[in-house]
Asker: 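Below is a structure I'd like to ask you about.
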Amino acid sequence: MERFEIVGGQKLYGEVGISGAKNSVLPLIAASILSEGKTHIRNCPKIYDVEVMTEIIKSLGGKAYFDGNTLILDTADLNGSELPEKLTGQIRASLFTVGPLLTRFGKAAMCLPGGCNIGKRPIDIHVAALREIGVGVTYGEYTTFRRYELEGKRVVLRFPSVGATENLMMASVKSRGITYIVNCAKEPEIIDLQNYLNLIGAKISGAGTDVITVEGVEKLYSAEVEFTPSPDRIEAGTFIFLGAACGGELEFSVPSLRNSLFIAKIVGNNACKIIQKDDKIYILKFIRPKKGFGKIVTAPYPGFPTDLQPQLVACASVADGMTVVEDSVFPERFGYVKELKKTGADLSVYANACVAVGRKTIAGACMSAADLRGGAAMVIAALAAEGKSIVGGIGHIDRGYDRIDEKLRKIGAKVARIEI
Ligand code: UD1
């Protein structure tokens, strides 16, 4: 087991390298099941969740390995459609393999997926959507999915679930006729998935809007393809809140910041100046937030992302004034708050909201992460605090951030990874 030892109070300066988006790469790994060939995913983050997804591909008979920062997946000889419990129990994204397995083998079976401890995570939207297009679902110790006649339909999601949208896109690529996915999720990662699927022969349009159209095709290509996912907007957003909490000056490439620019603007009204140096670089000059951030409510894209809610709360802990953060996507996602309060942060949770009253200083503390983004919030608080902090449970942070401690040291943070 490892932990971070952090000495806070430094301003941060330098260039931040942003990895490919975790939430693009995980469904892309699932989608590679459809390609029946080799897929090269460039700038792929080396994170624990990617490791688990690649283990799933291997458990089904495929090959997966890194060449530098490129993940290579070879799914030509895939021969299984039952996912091992020890892997699905670790990661919610294991559920995303159901759609492609149904298309390729006509069936899939898995125990209910695990994942971050951020509240209830049912699969009813996935199941309802799959049933609409002709999939039989039987719950049991292993939930089984079986494709009968996949027929294009107009499917309306009751909520724009990211995973259900992706699963349905992958389950319907070879359906007879046209499938319309209405009230679908609009996240940039859905556009990445559409682009990848079209690269291997699918006919999908509308990603990024409220309706995705999937025109069923008879065959997909089994050629070798290369794909570069979008930069991780949540990782970039984490560094923006970190900069605002600590002060200093951070440099991002233009593509890294493109999908997080609106986060930079929210922070920018209060704590940073955004300068576009040339067509390649943005510089963010941070000062301590002059006031709270007002009321921010998380919502599906293009709303404020739930995956940045804890990092915002950590930053609001040192803003000069009050911030109210409501989570409408995962209403129970405030388990990390009791740990942040150990720094002296003035935080109170009421139902699905957290009220932060900023303090001039917070103090180093011993905290323990129990989920990915909550862990990131603890790192931000520790770096903004005076004195030394310990952050345990960093396996949760490694699930979604590629060597965050190395990236932090590069910009002047005092962070050590200690084996315990
Ligand atoms: C994805 C992201 C995750 C992010 C989340 C919301 C990936 C790999 N993960 O997760 O980082 O926090 O979107 O932006 O892309 N729901 C149901 N029934 C369902 C499915 C979802 O009630 O069948 C609810 C969930 O409990 C949650 C909300 O819908 O309250 C959003 O979930 P969803 O968009 O499906 O999240 P994921 O795809 O699991």
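When a residue number appears, it is its place in the shown sequence, counting from 1. Start at 1 and go down the list; that is how both ligands and their atoms are numbered.
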Asker: Give a yes/no verdict on whether any heavy atom in Ala164 is under 4.0 Å from an atom of ligand 1.
Answerer: no
Asker: Relative to ligand 1, is Arg92 under 4.0 angstrom through side chain, backbone, both or neither, heavy atoms considered?
Answerer: side chain
Asker: Determine, considering heavy atoms only, which of Arg333, Arg158, Met53 sits nearest to atom 22 (O) of ligand 1.
Answerer: Arg158
Asker: Salt bridge between Arg158 and Asp124, side-chain N to carboxylate O under 4.0 Å?
Answerer: yes
Asker: Return yes or no for this condition: an N or O of Ile125 is under 3.5 Å from an N or O of ligand 1.
Answerer: yes
Asker: Nearest to atom 11 (O) of ligand 1 by heavy atom, Ile190, Val25, Leu372, Asp307: which?
Answerer: Asp307
Asker: Using a 4.0 Å cut-off to any heavy atom of Gly163, which atoms of ligand 1 qualify?
Answerer: 35 (O), 38 (O)
Asker: Give a yes or no answer on whether the side chain of Thr103 reaches the backbone of Ala171 with a donor-acceptor pair at less than 3.5 Å.
Answerer: yes
Asker: If the contact criterion is a heavy-atom separation under 4.0 Å, does Phe96 count as touching ligand 1?
Answerer: yes
Asker: Pull out every atom of ligand 1 sitting under 4.0 Å from any heavy atom of Phe159, numbered as shown with elements.
Answerer: 28 (C), 29 (O), 31 (C)
Asker: Should Ile33 and Thr97 count as side-chain neighbours, where that means a heavy-atom distance under 4.5 Å?
Answerer: yes
Asker: With only distance considered, is Pro122 within less than 3.5 Å of ligand 1 through an N or O on each side?
Answerer: yes
Asker: Under 4.0 Å between a Lys/Arg side-chain N and an Asp/Glu carboxylate O for Arg233 and Glu189?
Answerer: yes
Asker: Any N/O of Glu166 closer than 3.5 Å to an N/O of ligand 1?
Answerer: no
Asker: Which of the atoms of ligand 1 are close to Thr306, meaning less than 4.0 Å from one of its heavy atoms?
Answerer: 6 (C), 12 (O), 14 (O)
Asker: Let me know which of Val225, Leu71, Leu73 forms a side-chain contact (heavy atoms from CB on, under 4.5 Å) with Ser32.
Answerer: Leu73
Asker: Mind checking whether Ser161 has an N or O less than 3.5 Å away from an N or O of ligand 1?
Answerer: yes
Asker: Taking Ala207's backbone N and O only, do any of them form a donor-acceptor pair with Gln194's side chain (distance below 3.5 Å, no angle check)?
Answerer: yes
Asker: Does the structure place the NZ or CZ of Lys153 under 6.0 Å from the centre of the six-membered ring of Tyr180, at an angle of no more than 45° from the ring's axis?
Answerer: no
Asker: Mark the output for Glu332 as yes if a heavy-atom distance to ligand 1 is under 4.0 Å, and as no if none is.
Answerer: no
Asker: Could you tell me whether Pro27 and ligand 1 have an N or O pair separated by under 3.5 Å?
Answerer: no
Asker: Let's go through Glu85 and Tyr142 carefully: what are the C-alpha distance in whole Å and the side-chain angles of both, what is the deciding distance for side chain to side chain donor-acceptor pair (under 3.5 Å) to 0.1 Å, and is it a yes or a no?
Answerer: CA-CA 9 Å; Glu85 182 180 0; Tyr142 266 68; 4.9 Å; no
Asker: Angle class for the His126/Phe96 ring planes (parallel below 30°, perpendicular above 60°, tilted otherwise)?
Answerer: parallel
Asker: Thinking salt bridges, do Glu406 and Arg409 make one under a 4.0 Å N-O criterion?
Answerer: no
Asker: May I ask which of Asn167, Val329, Leu157, Val162 has a heavy atom nearer to atom 1 (C) of ligand 1 than the others do?
Answerer: Val162
